[in-house]
Structures are given as C-alpha cells and as structure tokens.
Amino acid sequence: MDTAMLIEKSALVLLLFLISLGVAAYQTYFERKLAAWIQDRVGPDRAGPFGILQPIADGTKMFLKEDFIPAKADKWLFIIGPGISMFTALITSSVIPWGTNVNLFGRDISLQVADFNIGILFVFGVVSIGVYGIMIGGWASNNKYSLYGAIRASSQMISYELAMGISAITIVMLTGSLSLNDIVQSQHGMNWNVFYQPLAFFIFFITSLAELNRAPFDLPECESELIGGYHTEYSSMKLGLYLFSEYTSMFVSSAIMAVLFFGGYNFPGMDAFSGNTLAILSIAAFALKIFLFIFVIMWIRWTIPRFRFDQLMHLGWKVLIPVAIVNMLITGLVVAWNQGWM
Amino acid sequence: MSLQMISVILGSLTIASGLMVVLSKHPIRSVIYLVITFFFISAMYILMNAQFLAIVNMIVYAGAIMVLFLFVLMLLNLNKEMEPESTRMSVITAVIAGGTLFLVMITALRDTFQYGKGYVQVAVQDAGLVEKLGKLLFSKYLVPFEISSILFIAAMVGAVLLAKREKQIID
C-alpha cells in the first residue's frame, strides 16, 4: 500500500464519518418536520429559518446537560454501551460502494473504503454485534426497565437476523458473489434485484426495521411500558449517542437496501456519461435512493402502531423465516435450472 | 511493523483476554472478555488471509452464541452472593482436569516447535477465501459437511422436543 492510497483512504473514511454524522443530525430535523406534517402541526420553527438550525441546538443542549451515572450502575460498562452502539452504526459505511470511480489529481479513486470479497457478510457481522451496545448499556444501568428493554432488544434482534440473512442469500445466489461491489455492478442497466426478488426485498425491509428498533418494532424503548427502555438511566451526550446511533444506522441500512435491491449507484441511462460527471450523478442517484428509504421508514413510524411482543415473535419465527426459506429454495432451483445443473 | 511482530502482539492480547475470562469475578464481564477474545481470534484469521473464516467466526460466535450467553446470564442475574463456595475437593479435581488438558495441548503443539520455525506455516495463501473453501466443501469434504449438517438438525429437533415435553407436564 503506497502513501497516496493511504491518504486517499483516510480522507474517504473521515469524509464518510462526517457525512454520516451530518446526515444523522439532519434526519432528526427531517423526522420532526415529517411528523408535524403528518399530524398537521408546524414542527420545529424557532432556530433559524424554518427551524433549520434545530439539530445544532439539540446537540448543544445534549452536551450541556448534566452527565449522570447511577450509583449502583456498572460504571465501565455503562460508559462503553453507547460507544459500541455508535461504533457499529458507523463502521458498516466502510464496505458500501458510494459511487463510480472519481478521477482526482490524475488518480482513479474508488469510492469504497474496503472492497472485501465478503462485503455482505461483513455487514451481517456488524449487525450481529450491534446488539451488544443496547444489551450492555441496558444491563449496566441496574434498572429493571432498562433490563427489560435490553432483553427485548436482544431477543428481537436475534429472531429477525435469521430471516434477514436468509432473504439476502437469494441476492448472493443471483449474483454469485459476496462482494457488494460485484452485487452493484451486476444490477447495471435496470437489472435491479428488486424486480427478480420482490419477496426477499419485502422480508429484508421488515427485518431491517426490526434490527433498527424502529416503529412498529420499537419495543425495546417502548415508552408506555418501559419508561425509556434501555436508555432510561442515560442522560447528556450518552443518551445523545444512543439516539444518534439509531439515526446513523437508519442511514446506513437504507444504503444497504439500495445496494442490495435497488441497484446501488446505478441509474437509467448511465452509459451516456463518463468520468467525473458520471461519478457525481451516480452519487446523486444513490443519495436519492437512500433519501427515499429514510422517508419510507419515517412514514411507517408515524403511521403504524407498535406490535405486541408475542405478535412480534410470531411474525418473526412463524411467518418471515418460513417464507424466506421457501423463497430461497425456489431461487436455488431457478438458478440451478438456468445454469443447466438439472 | 513486520507480520511476525503483529502476530506476537495479537497472540499475547488473545491470551491476556482469555485469562481475563477466567480471572474476572463477574460472569457478565467474563462473557464480554470472551467476546473480545473471539475478536482477536478473528484478527488472527485475517492475518492468515482467511477472511471468510474470520467473519463467520464473528457472526456465529461473537454475534449469535455469545449474545445468547449474555442473555441467559442477564436473566439469571448472578452476583457475588450467589456464587457457590468451592470445596477443597472441587479445587483438587479442577486442577487435575485442567492440568491433564494442558498436558494434551502441549503434546499436540510440541511438533510445531520441533519441525517448524516456531510458527505455523500456511501452505496455501488463499485457502481461507470463500471460493476455495466452497469448492473444497462441496467436493472433497462433501460427506463430512453433509453429516455435520444432519448433526445440527438432530440438535435442533432435540431442543424442540425437550421444550415440548416440558409443556405437556405443566398441562
């Protein structure tokens, strides 16, 4: 690895970090405006024109609050919890191909930090350790509501991870590769996977909502039963990190859904462009897809009421997993038939 | 930094976190140290260019099995007062059992120090990549692979059966 590559990768990592945080901050503003619109209210409008500075005001408020650690809490784990949540939310952005190559200073720069040949498995690895942040934080608070929240979060995430994995396997079967870059490139020219695998996309979308702990699956922080769920005892920026990590992972998982099912940075008529124009347009197309997913996720939150816990388990184990397995078997048969193995 | 240097540092970190699993008094902390140990082992796999194994180790052990461990421990809510007193007899048996296992491991690892240069040499550089592994699993090792999957199904059916039987007793 030469020095120029090291510099360009470091710059890309820093840029992605800042963009993720910026997008997460403005998602909170967007969510409040959207909620206001759906509920026929005005929403935040005090800080700056149209309340556009609201996220900055919120962030400042979070930092200025008293940072309180309960006396009987496990101090170290209490501090580590929100950190793990934020870490796992941010790290997935390193394997996503954000656009076609950019030509800068005579160098072809790939807009993907790490092109693993197992990118999709890396995403699942990070998703599967993402639950630790909530579990450790909820347990370390030494509060029964926090513990309930943590236990609900972990059982929910383990149950839905299975269906999520099985529905994503169909994409790997169709593409014949585990690399996210290959998956995006195979969808070139409107061959988007969602047209071939609508059922898999539907399951993946529902399970993503569950993994994000978003409504209608937000039982871990269900305020009518559990006060605040796993972050009941948290205050100041530690609480801020938990809330922030939810929005960051919403951004990243919207990107993953766009990559797996909606062609990533591909857009119709992209062959007419080349070079940096193509790169900028592909990034814009990808951003638009991500924005639409974020919008739909928020729209669902303000429309559909929360599940009951037994309904959640029923849906996960008795509906989504069997349907995903049948879908996987049919895809396997079709792929084998097309390859001439049968 | 050379590759040997990295592997030495990683190895000592793995052993240190492994020791902390045993030495830490609190069961939840033990589990968290075990998760950290699995991460170091995954890093070892990446050092051997076996990315697929590394990530599967992370998904299966750190991501699924240890989450269940933590889940059960949190439900049990173990603490220091509930820790069973260890008798002299149990200490002696534990030392004998652990010592025997240690002896077996030393015997098994003795050959590497004799023949190699102190390190395990990886014969094929891309053995752990997913294409190579998949082709091997579905050609040379097909029968063991299928048999182990039958073993998993047997375990699953057994678990379901045990859960069902308990319910009938309650009725």
Side-chain angles (χ1 to χ4, degrees), chain A residues 72 74-77 80-81 84 87-88 91 95 114-142 144 146-159 161-162 164-165 172 176-179 182 211 230 317 341, chain B residues 1 20 24-39 41-43 45-46 49-80 126 128-135 138 153 156 159-160 163:
Chain A
K72 289 240 175 152
D74 192 318
K75 197 174 163 224
W76 280 109
L77 295 181
I80 291 169
I84 297 175
F87 172 76
T88 50
I91 199 170
V95 290
D115 186 12
F116 282 148
N117 57 0
I118 45 157
I120 192 167
L121 285 179
F122 180 81
V123 174
F124 283 110
V126 174
V127 166
S128 65
I129 57 170
V131 68
Y132 281 114
I134 293 175
M135 272 181 105
I136 289 173
W139 179 81
S141 303
N142 203 7
K144 67 177 165 198
S146 299
L147 185 65
Y148 279 139
I151 286 172
R152 279 185 179 189
S154 47
S155 51
Q156 170 181 331
M157 284 168 104
I158 292 171
S159 312
E161 227 172 76
L162 273 171
M164 191 185 210
V172 177
S177 170
L178 290 165
S179 152
D182 290 351
E211 295 288 330
Y230 58 91
W317 288 99
W341 294 335
Chain B
M1 208 191 304
M20 284 309 290
S24 106
K25 287 277 179 201
H26 203 291
I28 298 249
R29 291 206 170 173
S30 288
V31 170
I32 290 164
Y33 278 117
L34 194 55
V35 174
I36 295 170
T37 314
F38 284 131
F39 275 106
I41 292 172
S42 274
Y45 281 133
I46 289 175
N49 208 13
Q51 299 167 357
F52 180 74
L53 282 182
I55 217 80
V56 166
N57 183 45
M58 232 166 82
I59 295 174
V60 174
Y61 286 95
I65 295 179
M66 293 325 287
V67 170
L68 288 178
F69 260 64
L70 207 58
F71 188 80
V72 171
L73 280 177
M74 280 178 181
L75 282 178
L76 289 176
N77 197 18
L78 295 172
N79 45 36
K80 274 186 191 134
D126 53 356
L129 296 185
V130 65
E131 290 95 344
K132 276 276 162 63
L133 203 69
K135 274 175 188 153
F138 282 95
I153 289 177
M156 271 165 70
V160 171

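Lettering of chains follows the sequences in order, A, B, ..., and the numbering in each one begins at 1. This one's a predicted model, so the numbers in the text were calculated from it and none came from an experiment.
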* Do B:Val67 and A:Met157 touch side chain to side chain, with heavy atoms closer than 4.5 Å? -> no

* chain A heavy atoms under 4.5 Å from B:Ile55: which part of the residue, side chain, backbone, both or neither? -> side chain

* Asked: Which of residues 31-39 of chain B get closer than 4.5 angstrom to chain A, counting heavy atoms alone?
  -> B:Ile32, B:Val35, B:Phe39

* Rounded to the nearest 0.5 Å, how far does CZ of B:Arg29 lie from CG of A:Leu77? -> 5.0 Å

* Asked: Which region of A:Ile158, side chain (C-beta onward) or backbone (N, CA, C, O), has a non-hydrogen atom less than 4.5 Å from a non-hydrogen atom of chain B, or is it both or neither?
  -> side chain

* For atom OH of A:Tyr148, decide whether the heavy atoms of other residues, nucleotides or ligands shown that lie under 6.0 angstrom number more than 12. => no

* To do: Quick one: pull up CD1 in B:Ile28 and CE in A:Met135 and give me the separation to the nearest 0.5 Å.
  => 8.0 Å

* To do: Could you look at A:Ser177 and say if it's the side chain, the backbone, both or neither that has a heavy atom under 4.5 Å from chain B?
  => neither

* Any side-chain heavy-atom pair from B:Met66 and A:Tyr132 closer than 4.5 angstrom? -> yes

* To do: Verify the ring-centre separation between B:His26 and A:Trp139: is it less than 6.0 angstrom?
  => yes

* Return the option, out of A:Asp74, A:Val131, A:Leu178, with the maximum number of heavy-atom pairs under 4.5 Å with chain B. => A:Asp74

* **Shortest non-hydrogen contact between B:Ile59 and A:Gly125, atoms and distance** => CG1-CA, 3.5 Å

* Heavy-atom neighbours of B:Phe71 CZ exceed 12 at 6.0 Å -> yes

